Amino acid sequence: MRLVLLGPPGSGKGTQASLLKDRLNVAHISTGDLLRAAVAAETDLGKIAKATMDAGELVSDELVLQLLEDRLGEPDAANGYILDGYPRNLAQAEALDGLLERLNQTIDHALALIVDQEQIVHRLARRSAEQGRSDDSEEVVRHRLTVYSEQTAPVAAYYDRKGLLTNIDGMGTIEEINERLVKALGH
Ligand code: AP5
């Protein structure tokens, strides 16, 4: 199964993808995690991406597409995957379609987590206090939410037009949300 998990920053994409990947026996591919690993390893890509990520802006489409293409070529992605944080704008959605066509693959479902803005701010403030992620400061979170509504929100309509989108209530406990996702996938 190949899934796209959509939702604003702090909506629980990473949390839910790591639960779903075990249930579905597929890979969890987070472009944010791939980028953070590149930053930590101080690769050329990581050095380019760091300032952009710290500012809450999107890293260039070309760089992220290359990162994704390399990751999709790894053995654990052969059985399917959950894309978390990609595509992030319409150009990336179209680039993904092109890449999947070359790989002779298709996306089976796009699931969008719907969460109140107040809850997002609360979750990310808590993570900021607990983990100190460099883009979780109040100011950068506000900017990430603006980038989301301007650039990423239209991606949901892109998958809706393809008949692949299901909106999922992303409020409640992690377990409750997981149950809704599993049910939507018919598992
Ligand atoms: P990315 O890592 O994708 O960050 P994001 O989308 O902002 O997502 P988050 O990780 O903040 O939230 P999430 O929805 O995964 O929620 P999570 O499960 O972590 O991207 C970071 C940056 O990388 C971007 O700004 C950009 O610069 C760059 N980037 C990444 N992809 C890119 C792309 N495709 N193109 C260009 N640039 C890209 O949960 C959040 C917190 O809430 C956690 O602490 C969690 O424990 C908690 N939580 C989760 N669920 C619940 C719940 N039900 N109740 C209470 N707390 C909960």
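We count ligands from 1, going down the list as the structure has it; atoms in each ligand are counted the same way. The structure displayed is predicted, hence computed values, not measured ones.
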Holding to salt bridge (charged side-chain N to carboxylate O under 4.0 Å, His left out), I want the full list of residues that pass it with Asp61, two or more places apart in sequence or in another chain. none

Under 3.5 Å between some N or O of ligand 1 and some N or O of Arg144? yes

Proximity of Ser30 to ligand 1 by residue part, where a heavy atom lies under 4.0 Å: neither

Heavy atom under 4.0 Å from ligand 1: found in Thr173's side chain, backbone, both, or neither? backbone

Enumerate the residue pairs fulfilling side chain to side chain donor-acceptor pair (under 3.5 Å) with a member in residues 43-52, sequence neighbours excluded, ordered by first and then second residue. Lys50-Asp54

For Gln92, which part has a heavy atom under 4.0 Å from ligand 1: side chain, backbone, both, or neither? side chain

Distance, nearest 0.5 Å, that separates CD of Glu69 from CG of Leu96: 11.0 Å

With atoms numbered from 1 as shown, which atoms in ligand 1 lie under 4.0 angstrom from a non-hydrogen atom of Asp135? 21 (C)

Has Glu176 got more than 12 heavy atoms of other residues, nucleotides or ligands less than 6.0 Å from its CD? yes

Are any of the N/O atoms on Gly14, whether in the backbone or the side chain, positioned under 3.5 angstrom from an N/O atom of ligand 1? yes

Does Asp33 approach ligand 1 within less than 4.0 angstrom via side chain, backbone, both or neither, non-hydrogen atoms only? neither

min-distance protein heavy atom vs atom 40 (C) of ligand 1 -> Arg127 NH1, 3.7 Å

With only distance considered, is Gln131 within less than 3.5 Å of ligand 1 through an N or O on each side? no

What are the atoms of ligand 1, with element, lying closer than 4.0 Å to any heavy atom of Ile174? 50 (N), 51 (C), 52 (C), 53 (N)

Is it possible for you to say whether Leu111 and Leu164 belong to one hydrophobic cluster, with membership spreading through side-chain heavy-atom contacts below 4.5 Å? no

Starting from atom 28 (C) of ligand 1, what is the nearest protein heavy atom, named by residue and atom, and what distance separates them? Leu35 CD1, 3.6 Å

Check for me, please, whether Leu83 and Val26 land in the same ILVMFWY cluster - side-chain distances under 4.5 Å, paths through other members count. no

For Tyr86, counting its heavy atoms only, list the atoms of ligand 1 lying under 4.0 Å from any of them. 34 (N)

Any non-hydrogen atom of Glu130 lying under 4.0 Å from ligand 1? no

Purely on distance, is any nitrogen or oxygen of Ser11 under 3.5 Å from one on ligand 1? yes

What is the nearest protein non-hydrogen atom to atom 3 (O) of ligand 1, stated with its residue, atom name and distance? Arg88 NH1, 3.0 Å

For residues Leu100 and Ile107, determine if any side-chain heavy atom of one lies less than 4.5 Å from a side-chain heavy atom of the other. yes

From Ser11 OG over to Arg123 CZ, what is the distance, rounded to the nearest 0.5 angstrom? 7.5 Å

Could you tell me whether some N/O pair between Val64 and ligand 1 is separated by less than 3.5 angstrom? no

Considering heavy atoms of the protein only, find what lies nearest to atom 49 (C) of ligand 1 and give residue, atom and distance to 0.1 Å. Thr15 OG1, 3.4 Å

Heavy-atom distance under 4.5 Å between the side chains of Leu3 and His28, does that happen here? no

Taking only non-hydrogen atoms of Pro8 and a 4.0 Å limit, the atoms of ligand 1 in range are 14 (O)

From the list Leu34, Val4, Val64, side-chain contact (heavy atoms from CB on, under 4.5 Å) with Tyr86 holds only for Val64

For Gln117, look at atom CD and say whether over 12 heavy atoms of other residues, nucleotides or ligands are found less than 6.0 Å away. no

Relative to the heavy atoms of Arg36, which atoms of ligand 1 are at a distance of less than 4.0 Å? 2 (O), 21 (C)

Take Leu165 and Leu6 through the side chain to side chain contact (heavy atoms under 4.5 Å, CB included) test and state the conclusion after the steps. CA-CA 10 Å; Leu165 182 75; Leu6 299 168; 4.2 Å; yes

Which protein non-hydrogen atom lies closest to atom 53 (N) of ligand 1, naming both residue and atom, and how far is it? Gly172 O, 2.9 Å

Quick one: do Ile114 and Met171 end up in the same hydrophobic cluster if we chain Ile, Leu, Val, Met, Phe, Trp and Tyr together by side-chain heavy atoms under 4.5 Å apart? no

Check contact between Gln16 and ligand 1, using heavy atoms of the residue and a distance below 4.0 angstrom. no

For Arg144 and Leu124, what are the C-alpha separation, side-chain angles and deciding distance, and is it a side chain to side chain contact (heavy atoms under 4.5 Å, CB included)? CA-CA 11 Å; Arg144 283 161 62 200; Leu124 296 184; 4.2 Å; yes

Which atoms of ligand 1 have any heavy atom of Ile177 under 4.0 Å away? 53 (N)

Hydrophobic clustering (ILVMFWY, side-chain heavy atoms < 4.5 Å, transitive) - are Ile174 and Leu20 grouped together? no

Which residue and heavy atom of the protein sit nearest atom 56 (N) of ligand 1, plus the separation: Arg126 NH2, 3.2 Å

Just heavy atoms, cut-off under 4.0 Å: does Lys50 contact ligand 1 by side chain, backbone, both, or neither? neither

With the threshold set at under 4.0 angstrom, would you say Ser60 reaches ligand 1 through any of its heavy atoms? no

For the CZ atom on Arg127, are there more than 12 heavy atoms of other groups (residues, nucleotides or ligands in this structure) within a distance under 6.0 Å? yes

For Lys13 and ligand 1, does the shortest N/O to N/O distance drop below 3.5 Å? yes

In terms of residue, atom name and distance, what is the protein heavy atom nearest to atom 48 (N) of ligand 1? Arg123 CD, 3.9 Å

Can you report which non-hydrogen protein atom sits closest to atom 31 (N) of ligand 1, along with the distance? Thr31 OG1, 2.8 Å

Dump the intermediate steps for side chain to side chain contact (heavy atoms under 4.5 Å, CB included) on Met53 and Val59, then the final yes or no. CA-CA 7 Å; Met53 294 173 76; Val59 176; 3.8 Å; yes

In this structure, would Leu5 and Met1 fall into the same cluster of hydrophobic residues linked by side-chain contacts under 4.5 Å? yes

How does Glu57 reach ligand 1, if at all, at less than 4.0 Å between non-hydrogen atoms: by side chain, backbone, both, or neither? backbone

For ligand 1, which is the ligand I care about here, please tell me if Met53 has any N or O atom under 3.5 Å from one of the ligand's N or O atoms. no

Going by distance only, is there an N or O of Gly10 that falls short of 3.5 Å from an N or O of ligand 1? yes

Is Val59 close to ligand 1, meaning an N/O of one under 3.5 Å from an N/O of the other? yes

Judging by distance only, is a nitrogen or oxygen of Gln119 under 3.5 angstrom from one on ligand 1? no

Quick one, Leu181 with Leu113, criterion side chain to side chain contact (heavy atoms under 4.5 Å, CB included). Give me CA distance, side-chain angles, the key distance, then yes/no. CA-CA 9 Å; Leu181 287 163; Leu113 293 170; 4.3 Å; yes

For Met171, which part has a heavy atom under 4.0 Å from ligand 1: side chain, backbone, both, or neither? neither

